[in-house]
Each structure stands twice: as structure tokens, then as C-alpha cells.
Q: 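This is the structure I have questions about; it appears just below.
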Amino acid sequence: LVDVVVSFLGILIVFPIMLLVALGIKIDSKGPIFFTQSRIGLNGKPFTIFKFRTMKTDSKKYAHCPTDKDDIRITSFGRWLRKLSLDEIPQLINVLRGEMSLVGPRPEMPFIVDTYESYEKKRLSVMPGITGLWQVSPARNAEIHDNPEYDLLYIEHRDLSLDILILILTIVFVFRSFTH
């Protein structure tokens, strides 16, 4: 219930920003405003994730995510969106649809989930999230699947107070990226 209410209010509040981002994407490069991709969610169920498009349209849809801010696949405006985490805003739609939570392990692409060891599959036992313990950790610059211990730790200790702390830290990181 908290996820649905917060995501609905979040969409209402950031709707003007979403319009500006959409305009920026259209001005910066040809192609769609949104990037959609199959991800694996709760209990291994696939769903379509929504993000603002930050990469060139000729980029492979199912490849490892850029880890370098100078990756040639990223558009000029996309670099800015990624830096400020604005590309993640459309995932509020996934939360409204019941496919994601505000906080939880990040949903992975099918080809990565196919390589999971048995202990990593525990990540699929909870709803995936827009943000999580990994995103507010020092390891956040590496790929998600390289650091499953953060998700497993979150799963073992998750409760409302931890979710609130992660949301607050996420907001701090986003605001900090505006100033750096």
C-alpha cells in the first residue's frame, strides 16, 4: 500500500520534470523517449521495466550496463540523466503495476539471472526495487550482479525502518549528484 501511494504521489509531483526530460531526450537524439526491457522479478517472473532512454538507439538492448560515465553508447543528455538518476523515474509505473517495490534488490536481465548460483536466486524471493541497499553502498559503481551480498543482507534484515533509511539515503545521493 505504501509503495502504491508513494509511487502515485511521486508521479504526480514529478510529472512536470518527466515532461522536461522527455523533451530533452527528443531534442538530444532520435528514437523513443522510453527504454523498455525484460527483467526478472518476484519468483522469477519476467516483466517489462520502464526507464527514460539514455543510450543511443543502435546500442544492444541486452548487454551489460555501462560502468564508465564516458561509455560511447550513452547520449549526451543520457549522461546527465544517469548522473542525477532521473532515468529511473518511469519505474514508478512498474511500482503502480505491482511489478516492483520502491525498495528491494534491483531486477536483473534474464541472461544474468540464468547464471545465478543457488544462493543468488534468493534475490528472486522478494519484490525487486527501484532502489536498494546496493545503490546506497560504496559498491554502487560496480555492476549489480557483482555484489549480491548487499541484496542478500537486505533480504535477511528487511523491514519498514530499513526501507525508510534506504529511501532517505537514496534521496541524499540524488541531491548530492546535483552539486557534484
Side-chain angles (χ1 to χ4, degrees), residues 1-15 17-18 34-52 54 64-65 67 81-180:
L1 181 61
V2 171
D3 281 343
V4 172
V5 170
V6 171
S7 61
F8 181 74
L9 292 174
I11 289 172
L12 289 178
I13 292 167
V14 299
F15 190 73
I17 294 170
M18 292 175 75
F34 295 104
F35 171 78
T36 60
Q37 187 181 60
S38 180
R39 295 288 178 100
I40 304 300
L42 180 64
N43 299 320
K45 182 181 176 191
F47 70 96
T48 300
I49 196 168
F50 298 98
K51 297 178 93 173
F52 281 122
T54 61
H64 288 279
C65 298
T67 55
L81 291 177
R82 284 172 173 257
K83 180 180 183 206
L84 302 177
S85 299
L86 295 175
D87 59 319
E88 310 287 347
I89 292 173
Q91 290 169 51
L92 292 171
I93 297 166
N94 291 111
V95 175
L96 277 177
R97 291 171 50 157
E99 300 160 330
M100 291 179 70
S101 180
L102 295 172
V103 180
R106 287 295 295 161
E108 281 284 13
M109 293 177 273
F111 78 91
I112 293 173
V113 173
D114 289 344
T115 66
Y116 275 6
E117 301 288 331
S118 59
Y119 74 96
E120 292 173 294
K121 290 180 181 176
K122 189 172 183 182
R123 297 175 77 220
L124 305 175
S125 68
V126 298
M127 188 82 70
I130 295 175
T131 189
L133 190 57
W134 171 78
Q135 286 85 344
V136 297
S137 77
R140 69 187 167 280
N141 293 326
E143 290 200 46
I144 301 165
H145 59 273
D146 290 338
N147 295 285
E149 62 275 5
Y150 289 99
D151 289 338
L152 298 175
L153 184 65
Y154 169 77
I155 291 166
E156 284 180 34
H157 301 285
R158 71 187 182 124
D159 66 7
L160 184 59
S161 61
L162 180 58
D163 285 0
I164 292 169
L165 177 62
I166 291 170
L167 287 169
I168 290 169
L169 288 172
T170 299
I171 293 167
V172 168
F173 277 106
V174 169
F175 280 117
R176 188 182 286 166
S177 64
F178 273 100
T179 60
H180 288 76

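Quick caveat: nothing in here was measured; it's all calculated off a predicted structure.
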Q: Please report the closest heavy-atom contact between Leu92 and Gly10, naming both atoms and the distance.
A: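 Between these two residues, the closest heavy atoms are CD1-C, 4.0 Å.
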
Q: Rounded to the nearest 0.5 Å, what's the gap from CZ on Phe175 to CG on Leu84? Could you check?
A: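 Answer for the CZ-CG pair, Phe175 versus Leu84, is 10.5 Å.
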
Q: Output a table of donor-acceptor pairs, distance under 3.5 Å, between side-chain atoms of residues 40-47 and any protein atom two or more places apart or on a different chain; print 'none' if there are none.
A:
none

Q: Apply side chain to side chain contact (heavy atoms under 4.5 Å, CB included) to Asp163 and Tyr154, showing your working.
A: CA-CA 9 Å; Asp163 285 0; Tyr154 169 77; 2.6 Å; yes

Q: Look only at the side chain of Asn94 and the backbone of Thr48, and say whether a donor-acceptor pair between them is shorter than 3.5 Å.
A: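 Indeed, once roles are kept as given, a pair shorter than 3.5 Å links the two residues.
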
Q: Go through the structure and list residues passing side-chain contact (heavy atoms from CB on, under 4.5 Å) with Lys121, not counting sequence neighbours.
A: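 Listed in chain order: Tyr116.
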
Q: Taking the side chain as every heavy atom from C-beta outward, state whether Met100 and Ile49 have any pair of such atoms under 4.5 Å apart.
A: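 Touching, per the 4.5 Å side-chain cut-off.
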
Q: Can we say Glu108 and Arg39 salt-bridge, meaning some charged N sits less than 4.0 Å from an Asp/Glu carboxylate O?
A: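 Looking at Glu108 and Arg39, the cut-off is not met.
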
Q: As an exercise, state the distance from CZ of Phe173 to OG of Ser137, rounded to the nearest 0.5 Å.
A: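 One gets 7.5 Å once the value is rounded to the nearest 0.5 Å.
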
Q: What salt bridge (charged side-chain N to carboxylate O under 4.0 Å, His left out) pairs are there with at least one residue in residues 93-103, not counting sequence neighbours?
A: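 Checked against salt bridge (charged side-chain N to carboxylate O under 4.0 Å, His left out) - neighbours excluded - the pairs reaching residues 93-103 are Arg97-Glu99.
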
Q: Are Val5 and Leu9 packed together at the side-chain level, in the sense that at least one heavy-atom pair is separated by less than 4.5 angstrom?
A: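 When only atoms from C-beta onward are counted, Leu9 and Val5 do touch, with a gap below 4.5 Å.
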
Q: If the condition is side-chain contact (heavy atoms from CB on, under 4.5 Å), which residues does Leu81 pass it with, not counting sequence neighbours?
A: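 Result, side-chain contact (heavy atoms from CB on, under 4.5 Å) vs Leu81: Val21, Ile25, Phe52, Thr54, Phe77, Leu86, Asp87.
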
Q: For Glu117, enumerate each residue passing the side-chain contact (heavy atoms from CB on, under 4.5 Å) test, keeping only those at least two apart in sequence or located in another chain.
A: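 Result, side-chain contact (heavy atoms from CB on, under 4.5 Å) vs Glu117: Tyr119, Glu120.
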
Q: With sequence neighbours left out, write down each residue that passes side-chain contact (heavy atoms from CB on, under 4.5 Å) with Val2, or none if nothing qualifies.
A: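 side-chain contact (heavy atoms from CB on, under 4.5 Å) list for Val2, sorted by chain: Val6.
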
Q: Who are the side chain to side chain donor-acceptor pair (under 3.5 Å) partners of Thr170, not counting sequence neighbours?
A: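 Thr170 satisfies side chain to side chain donor-acceptor pair (under 3.5 Å) with Thr131 once adjacent residues are dropped.
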
Q: Ignoring hydrogens, what is the shortest heavy-atom contact between Pro148 and Arg123? Give both atom names and the distance.
A: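 Between these two residues, the closest heavy atoms are CB-CD, 4.4 Å.
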
Q: For a quick test of reading the model, state the closest non-hydrogen atom pair linking Ile130 to Glu88 and the distance between them.
A: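 Smallest heavy-atom distance, with atoms named: CG2-CB, 4.4 Å.
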
Q: Rounded to the nearest 0.5 Å, how far apart are OG of Ser85 and CD1 of Ile171?
A: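 Here the rounded value is 11.5 Å.
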
Q: Within this structure, what is the CG-CG distance for the pair Leu102 and Asp3, rounded to the nearest 0.5 Å?
A: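 The CG atom of Asp3 is 4.0 Å from CG of Leu102, to the nearest 0.5 Å.
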
Q: If you apply the rule side chain to side chain contact (heavy atoms under 4.5 Å, CB included), what do you find for Ile168 with Ile164, and how did you get there?
A: CA-CA 6 Å; Ile168 290 169; Ile164 292 169; 3.8 Å; yes

Q: Of the non-hydrogen atoms in Pro128 and Arg106, which two are nearest, and what is the gap between them?
A: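 Of all heavy-atom pairs spanning Pro128 and Arg106, the closest is CB-C, 4.4 Å.
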
Q: Could you state the interatomic distance from NE2 (His157) to CG (Leu162), rounded to the nearest 0.5 Å?
A: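 It comes to 9.0 Å.
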
Q: Listed by chain and number, what are the side chain to side chain donor-acceptor pair (under 3.5 Å) partners of Ser118, not counting sequence neighbours?
A: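 None.
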
Q: Distance from Phe8 atom CZ to Ile93 atom CD1, nearest 0.5 Å?
A: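 CD1 of Ile93 is found 12.5 Å from CZ of Phe8.
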
Q: Tell me if a side-chain donor or acceptor on Glu156 pairs with a main-chain N or O of Leu153 at a distance below 3.5 Å.
A: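 No, the answer is negative, given that no donor and acceptor are paired below the 3.5 Å cut-off.
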
